[in-house]
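These values consider heavy atoms only, across backbone and side chains, with no hydrogens, waters or symmetry-generated copies. Throughout, protein chains are lettered first and strands after them, A, B, ... in sequence-line order, and every chain is numbered starting at 1.
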Number of protein chains: 2
Amino acid sequence: MREHDHSGLLEHVREEMPSDEKLQELGDLFKVFGDITRIRIMYALHEDEMCVCAIAELLGMTQSAISHQLKTLKDADLVAARREGKTVYYSLSDDHVRSIIAQGYEHITE
Amino acid sequence: MREHDHSGLLEHVREEMPSDEKLQELGDLFKVFGDITRIRIMYALHEDEMCVCAIAELLGMTQSAISHQLKTLKDADLVAARREGKTVYYSLSDDHVRSIIAQGYEHITE
DNA sequence: CGTTCATATGAACGATTGCTCATATGTTCA
DNA sequence: TGAACATATGAGCAATCGTTCATATGAACG
């Protein structure tokens, strides 16, 4: 399968393309959104902060599973943690989370 | 680890939460964005349609690899295909793609 | 201190993912 | 029809992912 010619187009597109590093970061970010448990957690935190065991109870899942996922979300700067005694409260870290989910929701409900 | 009480909060959050089906769809959608090759393809199609072999050449990847990923993108309604003779041209199917990527990009470059 | 509650984390295991390779389908043209 | 080109697709395999289980850390309180 020898390719036909598109030399002109390619050079132009190449200029518009962000760096590999940025693209990788972008992919890694969306990967975090690509799991139903993490989506559920983000929806749970949509209105207010919550502690780990409340989220676990809400979703009917293990504390451990939730904690692992919260770590993933935190590493991606999607949630922030605040400690109060024994309890750790998590909240959405900024409005990008809400925007991204909202855009996705629009797409699937069109 | 017996949990402490949060009966009030949980009921409220449960009402705001979309159905499992919607959440799964949402997760599946973002999963598609969660791969650098597919991100690259969407960026390539950002301005104009392209045929499969042009994308393959642009990204320095196999025609087969690109074709598989285009199928994934098409199944998620993120790209549309148009045939012209032997060639198949792909393009972004709507502006949600651009919006979602733009929001993600904002998040990582804050 | 030691106990209890809340959370975090490492190892392990099944499930999913993205690529490659081989091959099939579809289109044009001689 | 048959050859050449463009694309699609199925099987297989290494790598990654999400959970579980066991255990560790950390804070409050007697």
Query raised in the report: With a 4.5 Å limit on heavy-atom distance, are the side chains of B/Arg82 and B/Val88 in contact?
Result: no

Requested in this report: Give every residue pair that meets the ring pair (Phe, Tyr, Trp, His ring centres under 6.0 Å) criterion with at least one member in residues 74-93 of chain B, sequence neighbours excluded.
Outcome: none

Report task. Sort out the partner of D/dG30 for me: Watson-Crick or G-U wobble, both distances under 3.5 Å, none otherwise. Result -> C/dC1

Report task. Indicate yes or no for a side-chain donor-acceptor contact from B/Arg38 to the backbone of B/Lys31 under 3.5 Å, with no hydrogens or angles considered. Result -> yes

Query raised in the report: If each of A/Met61 and B/Val88 is mapped to the nucleotide of DNA chain D with the nearest heavy atom, which maps nearer the 5' terminus, i.e. the 5' end?
Result: B/Val88

Query raised in the report: Does A/Ser64 get its side chain close enough to the base of D/dC21, under 3.5 Å, for a donor-acceptor pair?
Result: yes

Query raised in the report: At under 4.0 Å between heavy atoms, what does A/Tyr90 touch on the DNA or RNA strands: base, sugar-phosphate, or nothing?
Result: sugar-phosphate

Requested in this report: Answer yes or no as to whether D/dT9 has its base stacked against B/His68, where stacking requires a ring-centre separation under 5.5 angstrom and planes under 30 degrees apart.
Outcome: yes

Report task. Not counting sequence neighbours, which residues clear side chain to side chain donor-acceptor pair (under 3.5 Å) with B/Asp75? List them please. Result -> B/Lys71

Query raised in the report: According to a strict under-4.0 Å criterion, is A/Gln69 in side-chain N/O contact with OP1 or OP2 of D/dC17?
Result: no

Report summary line: So ring pair (Phe, Tyr, Trp, His ring centres under 6.0 Å) across residues 29-81 of chain B, not counting sequence neighbours, yields A/Phe30-B/Phe33, A/Phe33-B/Phe30

Query raised in the report: Looking only at side-chain N and O atoms, does B/Arg38 come under 4.0 Å of OP1 or OP2 in C/dG18?
Result: yes

Query raised in the report: B/Lys71 has an atom NZ; how far is it from atom P of C/dT25, in whole Å?
Result: 16 Å

**Report entry** Pairs flagged by salt bridge (Lys or Arg N to Asp or Glu O under 4.0 Å) wherever residues 99-110 of chain B is involved - sequence neighbours left out
**Finding:** none

Query raised in the report: For residues 91-110 of chain B, which residue pairs qualify under ring pair (Phe, Tyr, Trp, His ring centres under 6.0 Å), counting only residues two or more places apart or in two chains?
Result: A/His96-B/His107, A/His107-B/His96

Query raised in the report: In whole angstroms, how far is the P atom of D/dC5 from the CG atom of A/Asp5?
Result: 15 Å

Report summary line: Contact string for nucleotides 23-29 of chain D, one letter per nucleotide 5' to 3', B = base within protein heavy-atom range under 4.0 Å, S = sugar-phosphate only, - = neither, reads ---BBS-

Requested in this report: Quick one: list whatever passes side chain to side chain donor-acceptor pair (under 3.5 Å) with A/Arg98, sequence neighbours left out.
Outcome: A/Asp95

Query raised in the report: So what does B/Ser67 hit on the nucleic acid, given a heavy-atom distance under 4.0 Å: a base, only sugar-phosphate, or nothing?
Result: base

Query raised in the report: What parts of residues 21-37 of chain A reach DNA chain D, counting only heavy atoms under 4.0 Å away?
Result: A/Lys31, A/Asp35, A/Thr37

Requested in this report: Tell me, please, which residues at least two apart from A/Glu47 pass side chain to side chain donor-acceptor pair (under 3.5 Å).
Outcome: none

